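Written out below as structure tokens is the structure these notes cover.
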Number of protein chains: 2
Amino acid sequence: MLDDRSKKILHAVIQLYISSPGPVGSRSITKKFPIGLSPATIRNIMSDLEDMGFLRQPHTSAGRVPTDSGYRFYVDALTAEKSDNDAELASELIRKLELIRTDINSFLDNASRMLSELSHYIGISVSLNTHQTMLSRIEMLPYRKNQIAVMLITDEAVIRNKIISVEQEVSREDLNRLAGYLNERFAGHTLEDIRKTIVAEIANDRMLCDGLISEAMAICNNVFSASESDVFISGLSEVLTLPDFCDIERIRRLFRTIEDKQVILSLLEKISATDGPQVLIGSENPLDELKQFSFVAAPYCEGNRPIGAIAIIGPTRMNYGQAIYLVDMTAKFITDIFSYSR
Amino acid sequence: MLDDRSKKILHAVIQLYISSPGPVGSRSITKKFPIGLSPATIRNIMSDLEDMGFLRQPHTSAGRVPTDSGYRFYVDALTAEKSDNDAELASELIRKLELIRTDINSFLDNASRMLSELSHYIGISVSLNTHQTMLSRIEMLPYRKNQIAVMLITDEAVIRNKIISVEQEVSREDLNRLAGYLNERFAGHTLEDIRKTIVAEIANDRMLCDGLISEAMAICNNVFSASESDVFISGLSEVLTLPDFCDIERIRRLFRTIEDKQVILSLLEKISATDGPQVLIGSENPLDELKQFSFVAAPYCEGNRPIGAIAIIGPTRMNYGQAIYLVDMTAKFITDIFSYSR
DNA sequence: TTTAGCACTCTCCTTGTTCGAGTGCTAATA
DNA sequence: TATTAGCACTCGAACAAGGAGAGTGCTAAA
């Protein structure tokens with residue numbers, strides 16, 4: 001499809017553009033890259049690459065800039081061959097990954113911060129709400145007046161707390177009976193199953209004293225409804241240093257979109273259906289507001305089931321090699337932790 | 001100190017400057033405010049106000065701009081009199097506060113988002129780590145291999161989960177005994193007390209089988225050490241719309257500072273020693289990076305003890321009346337919730 | 001097929017100029 | 001005596017013109 005020479009030139013353009021934005025001309029390529037060709041020849045080739053849609057000219061008589069398809073081609077070639085291994089980056093990564101291992105409580109927060117610090121882009125980590133989470137135990141405690149603390153212990157890394165308000169006061173004994181009943185009934189089922197069947201089942205069951213039934217149903221509905229996922233975002237200040245973001249309106253829209261965690265969540269949910277690192281370049285992104293940015297994401301799993309994802313958001317002019325490396329390694333590391341501690 | 005006329009002019013300058021930035025001149029004051037004075041007179045007064053340090057001139061023959069002391073004077077006058085009650089804002093506020101009541105689980109997140117949405121500045125809410133939190137119960141459960149889930153149920157709204165790793169496996173029976181022991185020993189004490197006395201006490205106590213002692217100490221140290229607080233920040237995209245932030249470097253430094261939640265936490269901790277809404281204007285702020293911004297904060301309490309705080313960060317050219325109103329009402333509302341549900 | 005040379009184009013930066021808003025000062029006025 | 005009108009002056013924003021520099025496309029030569 002593309003001869004070797006054209007590929008080399010395309011890569012050269014992209015790498016120059018990544019290291020500093022602004023159209024790259026034929027002359028600067030000959031200077032920085034030892035291809036035995038004159039600027040004129042390179043101009044011809046670049047013209048061809050432009051016809052093929054891999055490069056474009058911001059205006060007549062400016063240098064060339066990669067298009068999204070250009071990046072796509074570059075990234076596809078990148079994942080095929082060995083990614084660049086910056087030794088310093090690697091050791092820094094290992095050091096920070098250890099932090100994640102030792103502080104499993106806030107590993108999501110740590111992971112997102114680490115990704116942003118090492119990549120200098122935005123780091124994101126989420127625990128997915130797959131509805132496939134399995135309940136391993138439920139605990140209920142009286143908390144305050146008319147409030148009950150419910151703890152769902154799932155087979156994920158996350159324990160979910162809920163404080164729910166109830167109409168009438170419920171005694172500790174009743175709570176224990178209710179919890180015991182629920183445990184017996186539902187331990188080992190997915191949260192989604194529980195939510196679906198619970199109303200019907202409980203309504204039919206005579207094991208509970210009738211006065212408690214309505215309360216129980218209310219509680220269960222509340223607890224098992226939308227089990228929220230966690231989303232951590234770090235490094236917003238990082239991208240403000242990039243020259244790409246001189247246009248403040250663009251950043252604003254990006255931030256606005258990212259702040260709506262639900263959006264991020266559903267995007268990453270979609271991405272983590274496939275395993276291994278995924279790259280969405282510019283317009284490949286389903287969300288309009290993110291079409292000017294790129295997304296590098298990978299799910300982490302427990303066993304074979306993805307239970308979360310981490311990601312990097314940056315400009316389309318992103319250091320893809322490094323980003324993919326970081327995301328991939330981190331996801332694998334977290335997956336390892338989960339399979340180890342079983 | 002200041003005669004009535006000067007005050008009126010100062011307020012006029014500040015209000016005009018708040019509604020749109022850029023030096024305000026004598027002419028525009030006479031247009032927008034029905035003071036029966038000519039521009040020339042106002043010029044004289046403004047010149048006096050400048051000498052007193054309440055206004056300043058960006059350059060010769062430009063209009064005047066309020067200084068930090070100008071804002072301070074304005075804010076002090078504001079809190080004395082009745083703050084402006086925008087009916088629409090008030091009803092919107094009530095509506096959103098109800099959301100906080102019904103979703104007590106993520107009320108901090110909701111509160112920060114609400115503050116930013118209504119004020120169009122940055123909204124912050126934290127639960128303070130006062131070390132005065134009282135432990136009401138502790139639960140321990142085996143979680144995964146070599147991991148224990150510990151739940152601290154405190155008398156705050158927050159339940160703290162910790163998953164901690166242990167060297168040797170601990171049986172469920174041992175865990176129960178340990179938990180029972182800890183409950184008996186420490187329920188009703190503050191976390192700080194527990195952390196201080198725990199090592200000595202446990203080491204001396206023979207009630208535990210000896211093999212468990214080292215594990216227990218490790219667990220307790222881990223659990224009671226730095227009990228992290230929650231920090232929620234919303235509305236970063238809001239401030240990007242403000243014309244004040246055309247200088248991208250300034251925003252970057254602000255974001256960078258805010259992203260370090262520890263900084264925010266200690267700042268709000270200091271502020272919430274005093275009760276009622278506090279205002280830090282520009283250079284009054286202890287942190288260098290925030291000296292170009294203003295901070296409106298108020299603690300919320302359980303009983304008389306502050307257990308958290310909410311805040312708004314915006315430009316010094318902030319709508320102080322509205323911000324104070326929002327923060328004050330919200331803090332009071334949250335305080336109410338806590339005293340009610342007792 | 002590749003390269004050298006040349007004319008052309010476009011952006012960026014600098015310089016000069018104008019325009020308008022606003023001030024400070026002084027003299028006139030109530 | 002306090003206020004106002006008038007006037008000269010200052011400064012920044014906005015606009016235009018011009019030159020420098022980088023880069024291209026095309027043509028002709030190697």
Side-chain angles (χ1 to χ4, degrees), chain A residues 2-10 12-17 19-67 70 243-244 246-248 317, chain B residues 2-10 12-17 19-67 70 243-244 246-247:
Chain A
L2 236 60
D3 62 353
D4 205 52
R5 232 177 34 174
S6 308
K7 267 188 215 168
K8 271 212 185 95
I9 305 241
L10 177 56
V13 172
I14 291 180
Q15 276 174 39
L16 284 178
Y17 191 67
S19 64
S20 86
V24 6
S26 52
R27 187 92 199 296
S28 51
I29 292 183
T30 58
K31 268 190 195 162
K32 304 277 172 57
F33 287 82
I35 318 174
L37 291 174
S38 79
T41 314
I42 291 182
R43 276 204 288 281
N44 288 329
I45 299 175
M46 290 208 292
S47 177
D48 295 346
L49 286 171
E50 187 172 4
D51 292 340
M52 288 185 265
F54 292 134
L55 296 178
R56 83 191 160 76
Q57 242 177 338
H59 53 86
T60 333
S61 85
R64 301 306 208 289
V65 161
T67 62
D244 311 64
C246 50
D247 178 12
I248 216 158
R317 182 187 72 84
Chain B
L2 235 60
D3 61 352
D4 206 50
R5 232 177 33 174
S6 308
K7 266 189 217 167
K8 271 211 186 95
I9 305 242
L10 177 57
V13 171
I14 291 180
Q15 275 172 40
L16 284 178
Y17 191 68
S19 65
S20 86
V24 9
S26 52
R27 188 93 202 294
S28 52
I29 291 183
T30 58
K31 268 190 194 161
K32 304 277 172 56
F33 288 82
I35 319 173
L37 292 173
S38 79
T41 315
I42 292 182
R43 276 204 289 281
N44 289 329
I45 299 175
M46 291 209 293
S47 177
D48 296 345
L49 286 171
E50 186 172 2
D51 292 340
M52 287 186 266
F54 292 134
L55 296 178
R56 82 191 160 77
Q57 245 177 335
H59 55 85
T60 334
S61 84
R64 300 305 207 291
V65 161
T67 63
D244 310 61
C246 50
D247 177 12

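In what follows, chains carry the letters A, B, and so on, assigned in the order in which the sequence lines appear, proteins first and then strands, with residues in each chain numbered from 1. Not measured: the values here are computed from a predicted model.
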Nucleotide [N], atom [atom2] - distance to [atom1] of [X] in whole Å:
{"X": "A:Q57", "N": "C:dT11", "atom1": "CD", "atom2": "P", "answer": "11 Å"}
{"X": "B:R56", "N": "C:dG22", "atom1": "CZ", "atom2": "P", "answer": "17 Å"}
{"X": "B:L37", "N": "C:dA30", "atom1": "CG", "atom2": "P", "answer": "17 Å"}
{"X": "A:N44", "N": "D:dG23", "atom1": "CG", "atom2": "P", "answer": "17 Å"}
{"X": "B:I29", "N": "C:dT23", "atom1": "CD1", "atom2": "C1'", "answer": "13 Å"}
{"X": "B:I42", "N": "D:dA2", "atom1": "CD1", "atom2": "C1'", "answer": "15 Å"}
{"X": "B:I35", "N": "D:dT3", "atom1": "CD1", "atom2": "C1'", "answer": "15 Å"}
{"X": "B:R27", "N": "C:dG20", "atom1": "CZ", "atom2": "P", "answer": "14 Å"}

Problem - Polar side-chain contact A:R43-D:dG25 base: donor and acceptor under 3.5 Å - result: yes
Handout entry: Under-3.5 Å donor-acceptor pair between B:S61 side chain and D:dT10 base
Key = yes
Fill in the blank from the handout: Between A:A62 and B:T60, whichever has its closest DNA chain D nucleotide further toward 5' is B:T60
Practice task
Would you mind telling me which residue lines up with the more 5' stretch of DNA chain D, B:T41 or A:G25, judged by nearest nucleotide?
Solution key: B:T41
Problem - Minimum-distance pair of heavy atoms, taken over all atoms of A:L37 and A:T30 - result: O-CG2, 3.5 Å
Problem - Contact summary for A:M46 and A:G25, nearest pair of heavy atoms - result: CE-C, 4.2 Å
If you only use heavy atoms from C-beta on, which nucleotide in [options] is closest to the side chain of [X]?
{"X": "B:H59", "options": "D:dG12, D:dG25, C:dA4", "result": "D:dG12"}
{"X": "B:A40", "options": "C:dA4, D:dT4, D:dT24", "result": "D:dT4"}
{"X": "B:R64", "options": "C:dG24, D:dG25, C:dT11", "result": "C:dG24"}

Completion exercise
Interatomic distance, CG@A:D48 vs CE@A:M52, rounded to 0.5 Å, equals 5.5 Å
Problem - Heavy-atom donor-acceptor pair, A:T67 side chain to A:G53 backbone, under 3.5 Å - result: yes
Exercise for the section: Verify whether one side chain among B:S6 and B:D3 offers a donor that lies under 3.5 Å from an acceptor in the other. Expected result: yes
Practice task
Describe the nucleic acid contact of A:S26 in one word from base, sugar-phosphate, nothing, applying a heavy-atom distance below 4.0 Å.
Solution key: sugar-phosphate
